Amino acid sequence: MHNKAVLVLVLLVLLNCVEAKKKSKQTRSKEYRASEGGCRGKCTGLQISAGFMDPCIYKCMDSDCYAKIFGEKELEEGEVDVQRSKEFAACFAAAKRMSATTNS
């Protein structure tokens with residue numbers, strides 16, 4: 001009986017950790033989308049296609065991350081680079097976390 005109680009307790013703790021992790025990712029995702037939306041409004045005259053984000057938007061969102069990820073080989077007009085887009089999103093999230101830590 002004691003082993004079952006411990007097992008249930010461990011499972012509840014693990015489920016709680018997974019749920020908390022999901023919530024934190026959702027928050028960063030909302031912050032990313034909000035920043036992207038604000039920058040889309042600032043970057044006028046864009047030709048937007050599925051999966052494409054103009055360099056102006058990336059630069060507006062975080063110029064340091066843009067330089068780090070796209071600096072050596074900038075995106076060409078209409079180019080979709082999924083891998084570097086993911087790297088930019090990770091850099092953006094890390095920069096926001098760092099900013100939040102230093103502002104606290």
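It should be emphasised that the depicted structure is a prediction, and the values quoted were computed from it without experimental measurement.
Formation of a donor-acceptor pair under 3.5 Å by the Thr102 side chain with backbone atoms of Met98 is found in this model.
Here the OH-CG distance, from Tyr32 to Asp62, works out to 10.0 Å after rounding to the nearest 0.5 Å. Interatomic distance, CD of Glu31 versus CD of Glu36, reported as 13.0 Å (0.5 Å rounding). Going from atom CG of Leu75 over to atom CD1 of Ile69 covers 11.0 Å, rounded to the nearest 0.5 Å. Annotation: the span from Phe92 atom CZ to Cys65 atom SG amounts to 8.0 Å, rounded to 0.5 Å. Taking CD1 of Ile57 as the start and OG of Ser35 as the end, the distance is 10.0 Å to the nearest 0.5 Å.
Side-chain contact between Tyr66 and Glu74 is present, with at least one heavy-atom pair separated by less than 4.5 Å. Contact annotation: the side chain of Lys59 never approaches that of Phe70 to less than 4.5 Å [non-hydrogen atoms, C-beta and beyond].
SG atoms of Cys43 and Cys60 are separated by 2.5 angstrom or more, inconsistent with a disulfide link.
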| request: Output, in order, the C-alpha distance, side-chain angles, deciding distance and verdict of side-chain contact (heavy atoms from CB on, under 4.5 Å) for Arg84 and Lys73. | output: CA-CA 11 Å; Arg84 291 195 295 167; Lys73 183 181 180 278; 4.0 Å; yes
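A donor-acceptor contact closer than 3.5 angstrom links the side chains of Ser85 and Tyr58.
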